[in-house]
K.L.:
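Input: one structure, supplied below.
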Amino acid sequence: MNFAMLSQLDVAAVRCRCGRRTSAFLLSSLVAALCLIPTLCPADDAAKKDSSVPLKLREVEGISEYVLPNDVKVLLFPDESKEVVTVNMTVFVGSRHEGYGEAGMAHLLEHMLFKGTPTHPEVPKVLQDRGARFNGTTWMDRTNYYETLPASEDNLEFALNLEADRLLNSNIKGEDLESEMTVVRNEFERGENSPMRVLMQRIESAAFDWHNYGKSTIGNRSDIERVPVVKLRQFYRKYYRPDNVMVIIAGNFEVDHALKAVNDAFGSLPVPSTPIDETYTVEPPKDGERTVVLRRVGDVQVVGAAYHIPAGSHPDYAAVKALTNVLGDEPSGRLYKEMVETEIASNVFAMAFGFREPGLLMTMAEVPKEQSIEQARAKLIDLLENDWAKNPITEQEVERAKQQMLKARELESANTDKIAVSLSDWAAQGDWRLYFLYRDAVEALTVEQVRDVADRYLKRNNRTVGLFMPSEESDRVSIPESPDLAALLKDYKGRAAAAAGERFDPNPEAIEERVQRGSLAGGIEYAVLPKKTRGDSVSVLMTLRFGTAESLKDKLGAVELLGMMMARGTEDLDYQQLQDEWTRLRAEVQIYTLKGVLQVQVQTKEEFLPEVIDLIGKIFRSPRFEPSELEVMRRQVITGLEKNKTEPNSLAPRKVQQMLSPYDKDDIRYVMTIEEEIAMYEETTIEQIRQLHAEYLGNQAGELAIVGNFDVEPTLEKFRSIVEGWEAKQPFERFVTPAQPDIPGAVVTIETPDKSNALLYSGQQYKLADSDPEYASLVLGNFILGGGSLSSRLANRVRQQEGLSYGVRSGLTAANFAEDEKVSFTLYAITNPANKDKLLRVIREEVVRVLEDGVTEEELEQAKGAYLQAERIGRTGDSRLASMLVKSVFNDRTMAFVAEHEEQIQAATVDSVNAALKKYVDLDGLVMAIAGDFAAVEQPAE
């Protein structure tokens with residue numbers, strides 16, 4: 001993860017997570033799912049009572065639903081194409097179920113279920129030891145726990161037994177609550193750093209009079225800090241029970257074994273005699289707009305508007321989602337065209353999420369500080385409420401929205417682990433089959449339906465802006481209640497199941513046996529791996545390398561913008577037309593440039609790959625370079641940099657990078673300040689970008705990797721036709737960025753007023769080759785110290801015991817260019833500013849302890865297994881595998897290098913690991929920056 005790019009819109013404060021953090025930009029604000037357990041018909045219910053084995057209820061498109069005798073719901077989704085299995089346990093409880101004084105309890109409880117049971121006292125550790133990717137998430141109406149492991153009967157049984165155990169037997173100890181409460185509070189504070197996130201929460205709060213959807217899932221600071229452990233245990237016993245869960249198993253497994261394993265793990269769990277009371281609060285009709293104002297330190301203005309909409313299971317929901325595309329898509333969206341292209345705003349967003357009960361459609365616009373926020377507010381409301389009559393929604397807009405929604409769904413469907421989580425979200429909305437019903441509704445959407453929902457829901461009296469204004473007549477907007485799901489889904493059969501992929505061996509040697517390598521043209525080489533994938537998906541990664549350290553040093557603005565500009569059109573396709581083509585071709589495409597590298601990442605389907613390659617060729621050889629698009633993009637980039645001026649997550653990493661790059665300003669390796677970077681973008685012209693493309697790009701150097709369903713020779717021939725004869729006028733030379741091991745240690749404090757969360761970021765560099773056995777030993781040492789998610793020396797002490805940080809981790813990264821012989825070590829943690837000194841002391845103590853006392857034999861063996869399993873799982877992902885192949889070509893290696901590295905990992909000893917740690921990790925030599933609002937807090941005495 002590039003921590004310099006961490007945004008103030010970090011999702012974890014709302015889409016609350018334990019374990020590894022993922023980011024999903026603004027979708028964090030309204031995350032919610034729906035919690036209605038499917039009702040069985042009387043005949044099914046009677047049969048279930050007589051059964052001692054899982055009872056099959058139904059099957060739709062390859063997904064089967066079962067119920068255990070104690071009402072545990074089970075979904076099975078077998079997929080042999082990847083050597084992994086995912087177990088997802090969904091508990092139908094979220095912030096909607098919280099009472100007075102309980103705000104954030106569902107999310108806090110999610111954290112506590114990682115604290116262990118008598119049988120599994122260290123949950124993160126046992127998961128990590130098996131190489132699992134794991135997490136927990138809390139939304140409005142459900143809590144998820146899931147893990148993805150290498151596929152085996154033992155791993156499946158382990159995951160099911162673990163989830164069944166912590167469903168009923170989690171410790172929920174007072175001492176654990178004391179430390180985890182501060183971790184959750186730290187997570188809360190991280191969200192408080194983002195004015196946009198806080199504004200979105202304020203809008204939600206103002207929009208709902210009575211319903212808990214107006215409360216943030218992460219909760220209220222005072223409730224987080226003061227919740228008694230007894231109350232938490234009561235909440236746990238009330239909702240964590242077998243008749244309130246759904247277990248989803250997806251991936252590579254045998255159905256009969258899975259049914260036996262899930263029945264063995266969950267089937268005997270007792271059901272409490274007291275039923276769970278359903279919530280029944282319904283928001284009254286809205287009869288007046290509302291306004292909420294937030295005043296905080298920041299550099300970018302934000303304006304938003306929200307409107308109440310039906311539940312995700314309502315027939316109107318698909319039309320509402322299409323409406324958000326019509327409004328917020330870039331570049332076709334009406335908000336984008338009328339606000340971004342006209343310079344009223346720099347960024348716009350529109351979103352709506354499926355809730356169990358009626359929720360919100362929300363729009364947001366970032367407004368540069370030199371622009372009028374009142375003008376933006378007026379324009380936003382006019383577009384949302386008044387413009388439809390003058391400019392009705394068109395067939396083209398609706399068709400584009402439909403195709404974009406279907407494209408996103410189809411790309412997601414290539415990964416069974418993602419589908420497992422998606423199915424749980426739809427189950428929480430009422431029934432997992434809504435996953436398919438929603439698709440059918442999207443495909444059947446008409447322009448009349450989308451116009452109708454815009455007319456009915458986007459009205460002044462349904463808007464959250466907040467002033468009461470008397471009118472001559474009442475205009476109440478009533479939101480329809482959720483439909484009768486039993487009637488809606490009666491006899492629903494779905495379609496034929498999607499084609500499954502092949503069994504794939506992720507061992508490096510087995511992969512290399514299937515890889516085909518060669519040259520395209522000029523200096524471009526390829527490594528491709530054809531294989532049968534789920535949904536006939538294919539991943540492509542292609543790089544073009546250009547320029548030298550000397551020739552590019554005065555062209556960095558053009559370099560950084562070149563890829564983004566190329567992605568905005570070709571000579572015969574403007575930005576909108578190009579985006580429509582990507583949608584039609586079901587292609588997810590990213591094009592970007594860094595110093596000396598242009599990279600294209602593609603995920604699509606086999607049937608569309610030839611046309612996708614043709615489009616890539618047009619982008620390469622004849623990009624549009626529209627001046628007006630440069631101005632839009634420039635505003636967006638500068639707005640993002642302006643936001644980062646006060647963000648700890650941006651300032652601390654940037655400062656460390658500057659200190660570790662001691663180069664003059666005229667050196668391409670110099671790390672700019674935010675102000676210098678803004679000035680660079682302001683001065684970049686379209687002529688500079690055109691010249692850079694014309695003179696520097698060509699076939700002189702680069703790599704191509706393709707993994708998935710495709711016909712090798714025709715595909716390579718199409719790529720060859722793109723680059724043949726495309727010669728660059730300027731030469732390419734690999735940049736040398738040697739390690740800087742002699743930079744002296746330092747600690748820099750950066751004040752960021754009005755930021756509730758602080759970031760500590762530190763780093764140092766070593767002259768070390770990633771082929772050296774010492775590197776493998778250092779990798780394991782770092783994994784034990786702080787690289788192992790929730791289970792590491794640092795995580796156990798800083799997060800689990802002291803409760804000082806939601807996220808603390810150390811990392812070890814080898815340079816992409818192996819000849820640099822450069823390895824970077826980083827260590828970071830977030831915390832409350834008041835805990836800065838204690839955090840520094842505790843981290844220092846743990847690093848000193850591992851350096852002086854060393855790692856143990858048990859730690860090392862567990863680290864080896866966990867690290868190798870995680871690497872094995874990583875190679876089951878096609879896009880990750882394509883990235884590995886590109887790197888292998890760039891460094892003139894094969895997958896044999898990966899195998900050799902893993903052999904070195906296996907051969908590492910306690911002595912070699914401890915020696916590597918002592919040799920390289922220099923606590924006093926760390927270059928460290930810590931950013932936060934320290935002036936506003938008094939540091940506790942140490």
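Every value quoted in this text rests on a predicted model; they were computed, and no experiment measured them.
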K.L.:
I'd like to know if Lys418 pairs up with Glu412 as an ion pair, taking the criterion as any Lys NZ or Arg NE/NH1/NH2 lying under 4.0 Å from an Asp or Glu carboxylate oxygen.
P.N.:
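No, no charged N to carboxylate O under 4.0 Å.
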K.L.:
When you measure from the side chain of Gln599 to the backbone of Gly563, do you find a donor-acceptor pair of N or O atoms at a distance under 3.5 Å?
P.N.:
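Not a single qualifying donor-acceptor pair exists.
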K.L.:
If you take all heavy atoms of Leu529 and Ile511, which pair is closest and at what distance?
P.N.:
CD1-CG2, 3.6 Å
K.L.:
Going by an N to O cut-off under 4.0 Å, is there a salt bridge joining Arg584 and Glu581?
P.N.:
yes
K.L.:
Going through the distances and angles, do Val515 and Val528 end up as a side chain to side chain contact (heavy atoms under 4.5 Å, CB included)?
P.N.:
CA-CA 6 Å; Val515 172; Val528 299; over 6 Å; no
K.L.:
Could you tell me whether Glu713 and Lys718 make a salt bridge, using a distance below 4.0 angstrom between a side-chain N and a carboxylate O?
P.N.:
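Between Lys718 and Glu713 there is no salt bridge, as every charged N stays at least 4.0 Å from the carboxylate O atoms.
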K.L.:
Is any side-chain heavy atom of Thr813 less than 4.5 Å from a side-chain heavy atom of Val823?
P.N.:
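Thr813 does not reach Val823 side chain to side chain.
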K.L.:
Under a 3.5 Å distance rule, please check whether Lys555 uses its side chain to pair with a backbone N or O of Ser551 as donor and acceptor.
P.N.:
yes
K.L.:
Just jot down the ring-ring contact (aromatic ring centres under 6.0 Å, His included) partners of Phe817, sequence neighbours excluded, or say none.
P.N.:
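For Phe817 the ring-ring contact (aromatic ring centres under 6.0 Å, His included) partners, ignoring immediate neighbours, are Phe890.
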K.L.:
Report the residues that fulfil side chain to side chain donor-acceptor pair (under 3.5 Å) with Glu502, sequence neighbours left out, ordered by chain and then residue number.
P.N.:
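Residues passing side chain to side chain donor-acceptor pair (under 3.5 Å) with Glu502: Arg514.
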K.L.:
Looking just at side-chain N and O atoms, do Glu330 and Tyr575 make a donor-acceptor pair shorter than 3.5 Å?
P.N.:
yes
K.L.:
For residues Tyr670 and Asp664, report the shortest heavy-atom separation together with the two atoms involved.
P.N.:
CB-O, 3.2 Å
K.L.:
Measure across Gln764 and Leu926 and return the closest heavy-atom pair with its distance rounded to 0.1 Å.
P.N.:
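Gln764 and Leu926 have their closest heavy atoms at NE2-N, 3.5 Å.
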K.L.:
Under 3.5 Å, which donor-acceptor pairs do the side chains of residues 891-900 form with other protein atoms, sequence neighbours left out?
P.N.:
unit_1, atom_1, unit_2, atom_2, d
Asn891, OD1, Ala818, N, 2.8
Asn891, ND2, Asn816, O, 2.7
Asn891, ND2, Lys887, O, 3.3
Arg893, NH1, Asp770, OD2, 3.2
Arg893, NH2, Asp770, OD1, 2.9
Thr894, OG1, Ala896, N, 3.1

K.L.:
Sequence neighbours left out, cut at 3.5 Å: what donor-acceptor pairs do the side chains of residues 600-608 make with other protein atoms?
P.N.:
unit_1, atom_1, unit_2, atom_2, d
Thr604, OG1, Leu585, O, 3.0
Thr604, OG1, Arg586, O, 3.4

K.L.:
Can you find a heavy atom in the side chain of Gln658 that is under 4.5 Å from one in the side chain of Pro653?
P.N.:
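Side chain of Gln658 against side chain of Pro653, heavy atoms only: no contact under 4.5 Å found.
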K.L.:
As a quick check of understanding, evaluate side chain to side chain contact (heavy atoms under 4.5 Å, CB included) for Leu578 and Leu615, giving each step before the final call.
P.N.:
CA-CA 9 Å; Leu578 180 58; Leu615 266 183; 4.0 Å; yes
K.L.:
Mark yes or no for whether Ser810, through its side chain, and Gly786, through its backbone, hold a donor-acceptor pair below 3.5 Å.
P.N.:
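At least one qualifying donor-acceptor pair exists.
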K.L.:
Does this structure show an ion pair linking Glu677 with Arg654, if we count only N-O contacts that are shorter than 4.0 Å?
P.N.:
yes
K.L.:
Testing Ile591, Thr684, Leu630 one by one against Met565 for a side chain to side chain contact (heavy atoms under 4.5 Å, CB included), which residue passes?
P.N.:
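With Met565 as partner, side chain to side chain contact (heavy atoms under 4.5 Å, CB included) holds for just one option, Leu630.
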K.L.:
If I take atom OG1 from residue Thr583 and atom CD from residue Glu588, how far apart are they, to the nearest 0.5 angstrom?
P.N.:
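One finds 9.0 Å between OG1 of Thr583 and CD of Glu588.
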K.L.:
Please give me the minimum heavy-atom distance between Pro506 and Phe504, naming the atom from each residue.
P.N.:
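Shortest heavy-atom contact: CD-O, 3.3 Å.
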K.L.:
Ser888 side chain to Leu885 main-chain N or O, any donor-acceptor pair under 3.5 Å?
P.N.:
yes
K.L.:
Given His693, which of Phe625, Phe620, Phe546 fulfils the ring pair (Phe, Tyr, Trp, His ring centres under 6.0 Å) condition?
P.N.:
Phe625
K.L.:
Counting distance only, does the side-chain N/O of Ser912 pair as donor-acceptor with the main-chain N or O of Ala908 below 3.5 Å?
P.N.:
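No; zero donor-acceptor contacts below 3.5 Å.
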K.L.:
In chain order, what residues pass the salt bridge (Lys or Arg N to Asp or Glu O under 4.0 Å) check against Asp922, with sequence neighbours excluded?
P.N.:
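Result, salt bridge (Lys or Arg N to Asp or Glu O under 4.0 Å) vs Asp922: none returned.
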K.L.:
Quick one, Val540 and Leu704 - any side-chain contact, counting heavy atoms below 4.5 Å?
P.N.:
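Touching, per the 4.5 Å side-chain cut-off.
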K.L.:
Between Ala420 and Thr86, which heavy-atom pair has the shortest distance, and what is it?
P.N.:
CB-CG2, 4.2 Å
K.L.:
Do the ring planes of Tyr766 and Tyr920 sit parallel (below 30°), tilted (30 to 60°) or perpendicular (above 60°)?
P.N.:
tilted
K.L.:
Report yes if some heavy atom in the side chain of Phe719 is under 4.5 Å from a heavy atom in the side chain of Met542; otherwise report no.
P.N.:
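Phe719 reaches Met542 side chain to side chain.
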K.L.:
Counting only N and O atoms by type, is there a donor-acceptor contact under 3.5 Å from the side chain of Asn155 to the main-chain atoms of Pro150?
P.N.:
yes
K.L.:
Are Leu785 and Phe825 close enough that some pair of their side-chain heavy atoms sits under 4.5 Å apart?
P.N.:
yes
K.L.:
Checking the side chain of Ser661 only, and the main-chain atoms of Gln657 only, is there a donor and an acceptor separated by less than 3.5 Å?
P.N.:
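Yes; at least one donor-acceptor contact below 3.5 Å.
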K.L.:
May I ask you to say whether Arg517 pairs ionically with Glu512, meaning some side-chain N is under 4.0 Å from a carboxylate O?
P.N.:
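Answer for the salt bridge query: yes.
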K.L.:
Would you call the rings of Tyr775 and His901 parallel, tilted or perpendicular, taking 30° and 60° as the class edges?
P.N.:
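Tyr775 vs His901 ring planes: tilted.
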K.L.:
If you measure from CD1 on Ile616 to CG on Asp614, what distance do you get to the nearest 0.5 Å?
P.N.:
9.5 Å
K.L.:
Salt-bridge test for Glu676 and Lys665: reply yes if a basic N is under 4.0 Å from a carboxylate O, no otherwise.
P.N.:
yes
K.L.:
Using side-chain heavy atoms (C-beta onward) and a distance below 4.5 Å, is Met672 in contact with Met680?
P.N.:
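A side-chain contact exists here, since the closest heavy-atom pair is under 4.5 Å.
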K.L.:
Indicate yes or no: at least one non-hydrogen side-chain atom of Val886 is less than 4.5 angstrom from one of Thr543.
P.N.:
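SC-SC contact between Val886 and Thr543 confirmed.
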K.L.:
Is the backbone N or O of Ala587 less than 3.5 Å from a side-chain atom of Lys407, with the two atoms forming a donor-acceptor pair by type?
P.N.:
yes
K.L.:
Donor-acceptor check, side chain of Ser777 to backbone of Ala916, threshold 3.5 angstrom: yes or no?
P.N.:
no
K.L.:
Mind checking whether Ser762 and Thr826 have side chains closer than 4.5 Å, heavy atoms only?
P.N.:
no
K.L.:
Salt bridge or not for Asp572 and Arg624, using N-O below 4.0 Å?
P.N.:
no
K.L.:
Decide salt bridge (Lys or Arg N to Asp or Glu O under 4.0 Å) for Asp574 and Arg568; before the verdict, give the C-alpha distance in whole Å, the side-chain angles of both, and the deciding distance to 0.1 Å.
P.N.:
CA-CA 7 Å; Asp574 63 21; Arg568 291 192 170 229; over 6 Å; no
K.L.:
Please walk me through it: do Thr548 and Leu552 pass side chain to side chain contact (heavy atoms under 4.5 Å, CB included)?
P.N.:
CA-CA 6 Å; Thr548 69; Leu552 294 179; 5.9 Å; no
K.L.:
Taking all non-hydrogen atoms of both residues, which atom of Asp878 and which atom of Ser537 are closest, and how far apart?
P.N.:
OD2-OG, 4.2 Å
K.L.:
Provide the full list of side-chain hydrogen bond (donor to acceptor under 3.5 Å, both in side chains) pairs with a residue in residues 727-742, sequence neighbours left out, each pair given once.
P.N.:
Tyr663-Gln740
K.L.:
Test Glu902 against every option in Lys864, Arg875, Arg872 by the salt bridge (charged side-chain N to carboxylate O under 4.0 Å, His left out) rule and name the one that passes.
P.N.:
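The residue from Lys864, Arg875, Arg872 that satisfies salt bridge (charged side-chain N to carboxylate O under 4.0 Å, His left out) with Glu902 turns out to be Arg875.
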K.L.:
Indicate yes or no for a side-chain donor-acceptor contact from Arg545 to the backbone of Glu703 under 3.5 Å, with no hydrogens or angles considered.
P.N.:
no
